[in-house]
Structures are given as C-alpha cells and as structure tokens.
Amino acid sequence: MHLGKFILIRATQIVVSFFIILTLLFVLFRVAPGDPASMVIDPQMTPEDVEVTRALFGLDKPLYQQYLICLKNFVKGEFGSSFYYGKPVIEIIGEKLPNTILLFTTSIILSALAGISWGKVIAWRRGSLLDSSVTVIGLVSHTLFLPWIALLMVWVFAYWMNLFPLSGMITPELWLNPETGITMKVLDVLHHMVLPLSVLFTIHFGGFMLIMRSSMMETLKEDYIVTARAKGLTERQIRERHAAKNAALPVVTTLGLSLAFSINGGAITETIFSWPGIGRELVFAVSNNDYPLAQIAFLLIAALVLVANLVVDVLYAYLDPRIKY
Amino acid sequence: MGIGKMCRRFYRLCFIFILVPLFLWVAITPSHGAGIKIGMKDEPKTLNPFRASDTWSRKVVTRFFEPLYTREPKTHKIIPWLAEGYPEYDEATNTAIVRLKRTKWEDGSPLTAHDVVFTGSVIREFKVPRYYARWRFIKEIEALDDYRVKFVLERPMAIFLPRTLMTFIVQKKKWEPVVTAARKAEKPLRCLLAHEVKQPMSCGAFTFVKWARGAYIRIERNENFFATGMEIGGKKVGPYVDGVLFKFYGSMDSAILALKKGDIDYYWASIQAGYLKDLEGDRRFKVFKNDKNGVYYLAFNVRKSPFSDKAFRQAVAYLIDKDFIVIRVLQNEGQRMDNIIPPGNGYWHNPDTPKFGQGMKRKERIKKAYEILKAAGYTWGKPPINAKGKVVRAEGLKMPDGREVPPLDILTPPADYDPHRAMAGMLVQQWLRGVGIPASSKPSSFGSITQQVKVKRKFDAFILGWGRLGIDPDYLRTFFHSREDRLYGRNPMGYHNGWYDNIADESAATMDETKRRELIFKMQKFIVEEAPYIPLYVPYVVEACRVDRFTGWNEDLDGVGNRWSLFFIKPAQ
Amino acid sequence: MSLLEIRNLTLHYKTTKGMVQAVDKVSFSLNRGESMGLVGESGCGKTSVAMGIMKILPTNAVIIGGEILFKGEDILLKDDEEIRRIRWKGISMVFQAAMNALNPVISVGDQIVEAIQAHGRVSEADAWEQVRELYSLVGLDPGRRKSYPHEYSGGMKQRAIIAMSLACSPDLIIADEPTTALDVIMQDQIIQEIVALQDRLDMAMVYISHDISVIAETCSKIGVMYAGKIVEYADADSLFYDTLHPYTKALLSSYPSIKGEIKRLNPIPGEPPNLLDPPVGCRFDPRCPEREEICNSHEPEYLEVKEGHFVACHFVKPA
Ligand SMILES: Nc1ncnc2c1ncn2[C@@H]1O[C@H](COP(=O)(O)OP(=O)(O)OP(=O)(O)O)[C@@H](O)[C@H]1O
Ligand SMILES: [Mg+2]
C-alpha cells in the first residue's frame, strides 16, 4: 500500500502550506492599520501607557524582527500569548476548539448524511412531486441568510415554544447544583446543541442534497445501472449499491471544501448562540487586532481544512478503487 | 460500506436528537435560584485587577476589590470607603495621612495599611498602565501602623483623592509571591499582567465562586463585607441578594430574548432603540434612561489651515445642527452636547458654554457661517448667499491667503461599527458643503482611524467619542494640553494654547475642590469657544430591569449598572 | 410453444423534438436452444428490441403496442417483481458497451455474486465458487475475480460480462454486439466461445450485430432490421441463398462473403431515415434500387412468402 507514502507527501505539503499561511497572516495583520495598543480609546491611557503596552506585545520592535521572533517561536511550538486575554493562545484554543469541533463536525456530518440520503431519493424519483418540493426546500436552504434563519429559529423554538435554551452551551443553574449527575450534564449540552446544530444543518444540508441529486442523476444514466437492473436486482439494491455509492463521490470531495467555506457561517452561528467556540473568538480577535490569537485561529482553520482534505482524499481512495496513491 | 446503513443510523440519531431535548424540556425548568442573573455581551478577559481594563472584566472584578474612597450615588460626592474619614493633608510638606477602617478580607484576615502600601508600590514599580499616571507623583508611601498610611506627594495634585485614593486595593499576602516571581521575569510587567487569578481574594460585597469558561460566572454575597449596614445616600447597604450569576450573550437579539424569557433579570449594556418597544410594553420590566458619561465629538487637525483658523472652526460649529442629529440619528435616545464634560456630571459640568447655532434654521446657519467666514477674509467664486439674500450652491471657497480650501476628509467609524457616528459624518458633510467647504465623510475601520489620528497624526477631521470619562474632570486638561500633542497622545488635534496650558496645569495642582471647580468651569467655557472639538451629542444609557423580581435599582450617570444597585436591590416580595 | 415470441412490438422514444419511432411492429419467435441473429445498420432499433424484451428501457421509452411472450406469458403485463425474477434467470444479456456495463467501484466478482444471490438462496461461499467456475468457463483467471473493472483489459471485461450473463443459467441470452469494443482477433475468439457455450449450455440466444457475416457464423435464424422494422426473417441458409428483400441484398453485398468468395464491396448509398419522421411508405424506399411508385405511399405487408421466410416488400409475394 502506498497510502503511507501518500500521507507523508501530503503531510509535508501541509507543513509547507502552513509556513506560507503563517507568513501571509503575519503580513496581512501587520499591514492592516491600527495596532492593538493604539486602538484603545480610554481617557486613562497616557501615551506612556501605550508605549509600555506596545513593548509588552513586542510591537515596539521592527517588523522583520517581529516576524523572525514569530517564526522562531512557532518552530519551538510557542504560539505566544493573546494580547487581549494575556493568556497563552494555546490555552484559549484548548478551551474553545473542542466546542467548535463538537458543533461543527456533527453538523457537517449530519447534513452531509442527510443531504446524501435525500438527494439520492429525490434523484431516484426525479420529476415527482417529492422531487420538486424537496429540491425547492434544498435551494431555499442553500440560499438562506444565516443570521436570519438563526434568529428565526431561536425566536420560534427557544423563545416562543420554549423547547430549547436561547443560547450558550450549558445551563449554569444546573451545573452549579452539586447534585447534578454526569448524564444530566451531557443531556444538557445536547439540549443546547440542538438549535445551533439545526441552523448549521439547515444551511449546509441544501448544498449537499443538491450536489447529491445532480450527481445521482448523472450516475443513473450510466450503463452499469442498466446492467444492475437487467440482473434483476431490487430497486433498493440498485439505488443504494450501484447508484448512491458512485454518486456520493463528488459529495465527499465537496465536503473538504465546504468545510473551509462554512467557517464563516460557523462564526456567525457561534456568535448568535453564544456558543463558546473558536469561530467567535476569531472574529473577536480580528476586530481587536489580537494578532497572536487571530493568527493561531486562522492557522488552525487552515490546518483543519488541509487535514480535512487529506481525510477526504484517503476516504475517496477507499470509496473509489480506481484511485490509488 | 453501506450508505443505506449509514442513513438508517442517521435517522436514529435524528430521532434521539428530537427526543432527548423534549425530555429535557420537561426535566429542566430553570429554577429561579437565589440571586440575580445578569447578562453581559461578552465574557470577562481576566480576573486580574491590574489587567482588567475591558468593560466586562471590570464589571466582575470590581465586585471583589474596593478602594479607599468612593463616590456617593447620584451626588458623586467623595466618601470614605475602606478609609476612615478624609485624608489629613499638610500643605507645607505635601503629606497626607489616611486612616483605615477595620475591615477584613474574605479569608478573615484584616485589610491593613500594608495592603495599601503594597498595592501602590506594585503600580509604581511595574508602571501598570492606566494606574501609573495617578501614582507616579507619590514620592513616598509608608504604613505608619496597621491602619494609617502616609503619602508624600511630589507636589500638590488634584487627582490625589479622586484618582489615586480611588484605586482598588489588593491583598499583600496573596500577591507578594506573584510580584516576587514577576520581578525575576524577563518582562516583569508582562508577567504580572499575565498572572491568572483563579480565586480572587475579595474585600468587596461578593466573593468568587466559579467561572465556567464560555458559560457563566457565579459570585456570592460576602458575609464579611465591611459596608453592610452602612447608610449611604439615605439607603442601607446590603447586599440583599445572595449572589450574582453572570451570563454571556454574544448578540443583543439573544440577550433581549433572554430578558423576556426570564433567563436573566438585567442586561448590563445599553439597549438599542429598536428593541425598546417590546420591553416598554412589558409590565415585568422597567426601562431606565440615564445620561452616559461620555461625549461624541467632531475634532479638527488644527495644525493645518483652514482648521488652524478659529473663525473657520466656529463657522463649522454653526453649520452643525446637533438637535437634528439627536432627533434623527439617535431617535431622541440622547441629548445634544455643548460641552466636553457631560451634564450628568453635575458638579463639574459648566452649563454656561457657547451653544453655537442652537435653535437656528438651516438658512440662518448658512448665513451666520457665511458672515463669520467673510469677516475672516474667506472668499467665494460663488458665495452661498446671493445678492438677493437667497441661499444658493456655493463654489470656489478660498482661504484668506487666496488658496482654495482643499478637499477635507471627515473620518468616521463604519456604519456597522457605529451607525450613529457614520450617519452624523454624512450629515456634517452635507452641511459643510452648504457653504462650499469641500468636505466628505470617510467611514473607515477603527484601526485605520486611530492609525491616522493617533499615530501618524495626518488627517483633516474625525468623529469619535469618549466613554467612561469618570467623574473627575482631569481629562479636560489632558485632551487639549499641548504636552499631549505627541505620539499616542490624547491631543491628536495638535491644539496649542499657552493660556489654556497654564490654567489646566493650575487646575491639576489645585487640591481645593471649590477653587478647582472655578478653573475647570473657565477651561470648559474657553475650550468650547475655541472649538478644537465640536461636541456633538451623548446618547442615553437605556437599560431594562426586572422590577417584579428586584427593586431598589440605583439610577445614576451611566445607568443602573453600578455598585450601588448591587448593594441596594432587594428581591421583590 | 416457442420460448420467446414477439408480436407487433412497437416502441417509441419521447424526445424534445418529438417521438422517435425506434421499433415498429416487430415480430419474431425463438425456440429453446435456438439462436437467432438480429442484424441491421446502426440506429435501426436492435438494442431497443433487446431492452424491450428485458423491460430495461430508458425512462423516455414508450411501448405503444405488441406483446412479448416469454414462455407463453406476456412480459409487458407483468409487475415489477415478476419481471425482476425473469431478468437474468430467464433472460440475461451481454451488453453492447462492455466498458461501461460494469460498476467501477464494485469488484467484478461481487457484481456476479450479487446477480447469483438475487435469484436464489445461495450462500456467499457457494456463489464465489460459482464465480470461479464461470471464470474458468469463459477463460478468465479465477484468481482475478476480486479485482475491479479498471484492472481488467477490454477482452477480460467482455469475458467477465459473458461470465456474468451465464451466472444464473438463463433460458435465453441476448448478446448485443458483444464484441464491438474489441480488436478483430479477440472478436473472433469471443464469438467462437459464445457459440460454443450456447451450444454446450443449451440456451437460446439472440445475437445482435450490424455485421451480417458474424451473424451467419453464429445463428440458425436471422432477422434483418431496417429503420425500426424487420424487413426479412428466415433461417440462415434461405436468407443467404434465397435473398428476397432488396435491403438484405444490399447488406450482403456490402460485406465480404463468409464463404470466402471475393466480392466487390458495395456500400449502401444514402443514409437510414430519420426515425423522428420516417418515410410514409416502405421505409427503405428512398435508398431502394428496386423502388417503384407504390413504395413511397404504401407500406408493404410483412408476409410469410415461403415456409419460415418472412419478407416485407411490395415485389415479393407469397408463391
Ligand atoms: N433513450 C433514447 N431516447 C431517444 N432516442 C433513442 C434513445 N435510445 C435510442 N434512441 C434512438 O432510437 C433508435 C434506435 O436505437 P437503438 O439503440 O435501438 O439502435 P441500434 O440498432 O442498437 O444501434 P447501434 O447499432 O448503434 O447500437 C436510434 O435512432 C436512436 O437514436
Ligand atoms: Mg445497439
């Protein structure tokens, strides 16, 4: 199996891309006007205080030195401290990333699975009422304005029907109660997850479904589908075994890409639902010019996308025997 | 691999996802636990008082750390807090003796003069930003005994009592090891500020219980709080609530819903006008509107013409219709400003400052500006007022030296950051063009504005605002003093005036409050007349509280979200 | 009773430009163990007939009329499940486009196994054993049975498809140009094998080709199709030595004789008609060397002119 070698090559590519991204980020953030110290508008900040603060952040050094320090620390595995929190960025990431992964991967996987299974069914029954109605739903879902749908769902399900919490990840009152057991806590998190998950699901589902539908339509024209039917396989066997598996391949490819594009929506969702994740932190860090935190968050996203694409490639190879590495 | 199997699994998952929450909905009915639930827009960044400069951290941190003196609600009169009586000041030696009350930290140990000396020394030694300026003129600080502190000042300083002695006090025992470690670090200040306070040692009304990152902070009543039972402003200090639960809401929308749903009792931030209708009709809430301690203003780069010309600045002041901005842009949720010190700061605010153009119609404004400019030697290709006295489109405005008035950019924050300022910028642009001043409003990112204004100091004009001005008016000195015209300084306009510098310095050295007030009043009148700033408006702080759950909110400058509210509110029967 | 009897099968395709009249009143019958060839130019509707028999037509196909009797029962009247059971077990098919007839993401063996398991309770192991036998039968290395289609050469794929078509020992096998994608030598080999297998396994076969010389080698009966119709139908000998329809004659002269005589090859002038709007009278009329007035207005009847010899031409009448 050459898979090992393939992964090795890709890993090297990832490392190289990493450094390029790091450099780009460094330049981008420093080129953007305003540094975190001088941006503070506080009547109590004397010019001396600003100078002291800049020195604290290492912003008093020339740019090339800052870059070298950044590179050196990065190689050493030190990612610095957030200007804003004053804490090592790794700690902040460690706090927030799991929450994002929990919400994000779940939503992507669920929407991909649902998109695939619905796209498959409606392509199979193309032209039917089911097909046209679900396709319209998919198109709507695909083009929905995220903040709008998020607020609508909060309003309807959390406020009006009072089925779910408005925001956050846990119920403080419940967690503060020493008698609360672990099951209850897990259920509580799940309960909080439902709405943001549904929003992300709604946003992503349509895209996956439409891709799956058109891919499935193409696949159904293939000769091997006729063969399968001629062999006397059941409709279900034809649909699942012969059509869907081939049709799902392009969806898997888009999965990696869509992950990159959905970060933006993730940040909005996290903000609306006060979900303590990395996306919200990133937006905050960028608007605060908190370079170290923003840098690491972007790098993480880049890493996430790169790794996701690697996983997709490996998965693709697993799904499609024609691909060999 | 079976896609089909995956799908079936998926449906089962969906099923669980729908069922579990429904079950939970029945199981969890958030109990109205003891205490008040307060929503905040963001999570505090730290519990380290030396570092806590953001609004959210301060809202929590100030529950634990108390100063020697504080201000009475509403009157803002300085009252002894951890201190006993007022400082005994000896003018001859510039020495002040402060006596302390017998108070305790939450661990039961006494809060002593050593803690005060320690706090001051740390700020001075590490040059802690934001605090160093108010401690640097302290030549000596010494504990005479456990309950008496001696301060020796370099010179008389007006801010000694209202700023220096209003600094929070930390416990020496708790912080000594941190400070010792910081001294040894490569960057001592950085080390001190990076110190993570996991369990703050409180001398305040509340003690820290738990901070679940990203979710909540819980604090509880401090049974040892020294001020409990004291009578302040005619009310007995509590706190009467068992505790406070701080929750964080990333968006105003969800915070308002949380208020209405009962998840929180109060949202500690000003509510935008659009959300008010809903809350005002709800009997559970009371909507409070109070003055904000801030000012939004248009400032000029007075280093260059035409802004260097006072006549030009005043003409601009006449053209700006502040009432229109308040009514149209703020939708009446604020008031016009004709001063740098807001009217809510009653003691220091001078109501008698020039109110350029108040009540004038547009035509009158244009006429007035035209007259001022004409008298100052400005000429037009085509003046804004024609021979028949009608207002027409002006063209070709030239300065007294014969050069054309160059295109002028008014920097404003972008509309998504602050729609009010962006819109005010647009209006000002239109009004200035009315007399032929080629102004254009330039919404720019906050970083870009500060870069141009504070760092490069190359700009024409900008609209920004000050918040959190504090009660002490010392800022009036720093905003216009020529010493502050430097990199990162607070006088980026480049305003220089010897008379003002002198009177400002005098005010800073006047420890007698009445005398200082006279000086501050003069300064206000002078600087508004000079118009390096044109104060525009100050919005109200609009807040909604659950009055059916808690009564006794203390309305004050900057709203009900203040320490006194938390001391006074009582659960409603 | 014939194994397969087709009566007046008429089949159209719905397209945006109109109805493609791909198959028009086609009739023929086939007995057990018999092999029949269906020959005609590209686009004359051979595959459509084959697909019709298995009822695996594309969604835009419309069966206008006729009957397809398999073992005396009309396939067109059966429900999906009944048809499903007839497929592969009763009638199987070797597809024209062997390259694409196999699913690229499923191993070849698996695709045969699933056919076997679709028609009887056969354990996985037994099914694989059968695959092994089938591979030997068609001359494939049984060791390659778990490979994927892209790992096979064209010839191997074709053999695999033949093996697959034999998997359920069908009564009738339809071979739709099973060799078009192969080179000449390979074509010959495969044809020989098919003939041998058909003989050995005693199956009936419909062999479809546009090459009449191939048909001559393999089949005892031959149907000649032109523009959606069968124009001549007879046993091989009568068709070759007593050719009646002008199109058959033209077809025969356009191919090198199988008997080895050197003939001049005469391609048929003109093009087959557009089936969206076929000629009113005889469909061969525009290209027919023997055409007369009547040909472009009246459709010739399909008649048995001699015993077992059917022709549709105005100038060939029953004796
Ligand atoms: N799905 C379809 N939709 C529309 N027209 C079709 C469709 N399939 C076939 N046809 C048309 O029907 C006619 C008969 O096609 P068919 O495939 O049966 O011919 P064929 O004899 O098998 O040709 P070939 O030798 O090229 O395989 C042709 O004119 C073809 O264009
Ligand atoms: Mg064909």
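Here is how names work: the chains are called A, B, and so on, in the same order as the sequence lines, proteins then strands, and each is numbered from 1.
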- Query: Distance-only, no hydrogens or angles: does the A:T46 side chain make a donor-acceptor pair with backbone N or O of B:A133 under 3.5 Å?
  - Reply: no
- Message: Donor-acceptor check, side chain of B:R213 to backbone of A:E95, threshold 3.5 angstrom: yes or no?
- Response: no
Which region of [X], side chain (C-beta onward) or backbone (N, CA, C, O), has a non-hydrogen atom less than 4.5 Å from a non-hydrogen atom of chain B, or is it both or neither?
X      : answer
A:L151 : side chain
A:E91  : side chain
A:T271 : both
A:P165 : backbone

Do you know which two heavy atoms are closest between [X] and [Y], and how far apart they sit?
X      : Y      : result
A:P43  : B:R490 : O-NH1, 2.6 Å
A:L166 : B:L257 : CD1-C, 3.5 Å
B:G489 : A:P47  : CA-CG, 3.6 Å

- Message: Taking NZ in B:K260 as the centre, count heavy atoms belonging to other residues, nucleotides or ligands within less than 6.0 Å. Is the count above 12?
- Response: yes
- Message: Looking at B:K458, I'd like to know if its NZ atom is crowded, meaning that more than 12 non-hydrogen atoms belonging to other residues, nucleotides or ligands lie closer than 6.0 Å.
- Response: no
- Query: Are B:R130 and A:D49 close enough, and set up right, to give a salt bridge (Lys or Arg N to Asp or Glu O under 4.0 Å), and what steps lead you there?
  - Reply: CA-CA 7 Å; B:R130 284 188 180 81; A:D49 288 344; over 6 Å; no
Determine the option with the most heavy-atom pairs under 4.5 angstrom with chain B, choosing from [options].
options                        : value
A:R280, A:R241, A:R239         : A:R280
A:S82, A:A158, A:G168          : A:A158
A:W155, A:Y85, A:Y84, A:F273   : A:Y84
A:L176, A:I272, A:I170, A:V154 : A:L176

- Query: Is B:R218 paired with A:E173 through a side-chain N to carboxylate O contact shorter than 4.0 Å?
  - Reply: no
- Taking 4.0 angstrom as the limit, do B:K127 and A:E51 come out as a salt bridge? no
Out of [options], return the one with the most heavy atom pairs under 4.5 angstrom to chain A.
options                       : result
B:V128, B:V209, B:D253, B:T46 : B:D253
B:I449, B:T450, B:V453        : B:T450
B:A212, B:S251, B:S448        : B:S448
B:D474, B:L245, B:L193        : B:L245

- Decide whether a cation-pi geometry holds between B:K261 and A:Y159; the criteria are a distance under 6.0 Å from NZ or CZ to the six-membered ring centre and an angle within 45° of the ring axis. no
- Query: Who are the side-chain contact (heavy atoms from CB on, under 4.5 Å) partners of B:A194, not counting sequence neighbours?
  - Reply: none
- Identify, with sequence neighbours excluded, every residue that meets side-chain contact (heavy atoms from CB on, under 4.5 Å) alongside A:P276. A:K96, A:N99, A:M169
Side chains of [X] and [Y] in contact at under 4.5 Å (non-hydrogen atoms):
X      : Y      : value
A:E48  : B:R136 : yes
A:D42  : B:W466 : no
B:R163 : A:Q44  : yes
B:Y249 : A:S274 : yes

- Query: By number, which residues in residues 52-61 of chain A have some heavy atom less than 4.5 Å away from chain B?
  - Reply: A:V52, A:T53, A:R54, A:A55, A:L56, A:G58
- Item | Spatial distance of atom OG (A:S287) from atom OH (B:Y417) [nearest 0.5 Å] | 9.0 Å
- Value rounded to 0.5 Å, distance of CZ in A:F83 from NZ in B:K45: 12.0 Å
- Counting only heavy atoms closer than 4.5 Å, note whether B:R486 contacts chain A via side chain, backbone, both or neither. side chain
- Atom group of B:E484 that falls short of 4.5 Å from chain A, counting heavy atoms: side chain
- Write out, in numerical order, the residues from residues 48-57 of chain B with a heavy atom short of 4.5 Å from a heavy atom in chain A. B:R51, B:D54, B:W56
